[in-house]
Amino acid sequence: MPEFSIVQKIAIWVLPVLCAIILHEVAHGWVAEKLGDPTARMLGRLTLNPIKHIDPVGTILMPAVLLLLTRGSFMFGYAKPVPIGVRNFKNMRRDMAIVGAAGPAANLCMAFTWCLAVRAGPLLQGVTPNLALPVMLIGVAGIYINVMLMILNLIPIPPLDGGRVLSGLLPKRWALTYDRLEPWGFLIVGLLLITRVLAPIIVFPLSIIIYYLAHLAGLSFDGFQMLLSVLT
């Protein structure tokens, strides 16, 4: 297996990371529009144009730093949040929960789609062999980052998507109390990550989902891990 420079590794990660983060946010806005809120479209956020979504810290700096510091074992990032006008919803709590679930659902769909890139790699071997491995690696990166983002966003702590979903499912009185955690949510998540409390919660579902997606992509779990190690 060839050695890649850090520049080459970042180049391979760029497209999967941008797609994972941007389409996650677009999914929130698209579902919100279907539920009666046109805010995202009115502000020009229902677009795949990365300029409209990129946050310099969350979309570029954070993923790059995490790639360097954790050697790809942990990846996270975010785009500018898509604005949601909750007052346009007919059922505010229910519809906000559905909008919250849309982002992780989009990441899962993208993970399935990147399986096709991994399968395309061997097919390119006989046509353009120089592209075969890079395409497979981009697919592996796409599967990994999307599953990672899906799991992290489903952690039931507001303002993460899992917090939005749980808030919509709780009795209203409980939800009002629970939502007061939102200003402290990212600090709580950060502390849980630093102290490794979340590690087993993340690693177990990540491994299970990757196991099945790897087979769908035509790889063994060990084969997937080997290709991922090339990018770390």
Side-chain angles (χ1 to χ4, degrees), residues 1-6 8-21 23-24 27 62-78 101 103-156 160-162 189 192-232:
M1 193 69 66
E3 287 287 334
F4 287 88
S5 69
I6 187 62
Q8 289 173 316
K9 291 177 182 179
I10 290 175
I12 288 171
W13 280 102
V14 164
L15 180 61
V17 169
L18 283 179
C19 288
I21 294 173
L23 289 177
H24 177 104
M62 182 181 288
V65 169
L66 287 173
L67 176 62
L68 293 173
L69 293 181
T70 70
R71 298 183 60 82
S73 62
F74 177 77
M75 288 288 288
F76 187 66
Y78 56 87
N107 287 128
L108 181 60
C109 291
M110 282 186 277
F112 278 105
T113 302
W114 283 113
C115 289
L116 299 177
V118 179
R119 280 196 171 272
L123 299 178
L124 293 172
Q125 189 66 47
V127 184
T128 53
N130 291 336
L131 283 179
L133 181 58
V135 167
M136 288 187 72
L137 291 174
I138 289 172
V140 165
I143 294 170
Y144 182 79
I145 186 63
N146 276 287
V147 176
M148 177 69 82
L149 286 180
M150 179 187 71
I151 293 171
L152 284 171
N153 276 287
L154 285 176
I155 294 171
L160 296 178
D161 297 330
V189 172
L192 292 175
L193 287 171
I194 291 171
T195 57
R196 297 186 176 275
V197 173
L198 284 180
I201 298 173
I202 293 171
V203 170
F204 179 71
L206 179 68
S207 298
I208 295 297
I209 297 171
I210 291 292
Y211 176 86
Y212 287 105
L213 288 176
H215 283 274
L216 187 64
L219 298 172
S220 66
F221 182 72
D222 289 340
F224 184 95
Q225 293 289 84
M226 183 186 70
L227 288 174
L228 185 62
S229 69
V230 174
L231 300 175
T232 60

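Just the heavy atoms: all of them, side chains too, but no hydrogens, waters or symmetry mates, feed the values below.
In this structure, the separation between CD1 on Ile138 and CG on Leu133 is 10.0 Å, given to the nearest 0.5 Å. Rounded to the nearest 0.5 Å, atoms CD1 (Ile151) and CG (Leu198) are 11.5 Å apart. Atoms OH and CG, on Tyr211 and Leu216 in that order, are 13.0 Å from each other to the nearest 0.5 Å. To the nearest 0.5 Å, the span separating CG on Leu123 from CG on Leu131 amounts to 13.0 Å. Atom-to-atom distance recorded for Ser207:OG and Gln225:CD is 7.0 Å, nearest 0.5 angstrom. To the nearest 0.5 Å, atom CD1 of residue Ile202 and atom CG of residue Leu192 are 9.0 Å apart.
Annotation: side-chain contact (heavy atoms from CB on, under 4.5 Å) contacts of Ser5 (sequence neighbours excluded): Val7, Gln8.
The list of side-chain hydrogen bond (donor to acceptor under 3.5 Å, both in side chains) pairs with a residue in residues 106-118, not counting sequence neighbours, reads His24-Asn107, Asn107-Asn146.
Nearest heavy-atom pair, Ala106 versus Ala27, reported as atom, atom and distance to 0.1 Å: CB-CB, 3.6 Å. Closest of all the heavy-atom pairs between Val118 and Gly139 is CG2-C, 3.6 Å. The minimum heavy-atom distance between Val135 and Gly121, with the atom names listed, is CG1-N, 4.3 Å. Nearest heavy atoms, Ala111 versus Leu213: CB-CD1, 3.8 Å. Contact between Arg119 and His215 at its shortest, heavy atoms only, is NH2-O, 3.9 Å. The two residues Val197 and Ile201 make their nearest non-hydrogen contact at O-CD1, 4.0 Å.
Side-chain contact between Phe224 and Ile143 is present, with at least one heavy-atom pair separated by less than 4.5 Å. Using a 4.5 Å heavy-atom threshold, the side chains of Leu137 and Lys9 count as separate. At least one side-chain heavy atom of Pro122 sits under 4.5 Å from a side-chain heavy atom of Met136.
Atom CZ of Phe112 sits in a sparse spot, with 12 or fewer heavy atoms from other residues, nucleotides or ligands closer than 6.0 Å.
No option in Asp161, Leu152, Leu160, Val147 other than Asp161 meets the side chain to side chain contact (heavy atoms under 4.5 Å, CB included) test with Pro104.
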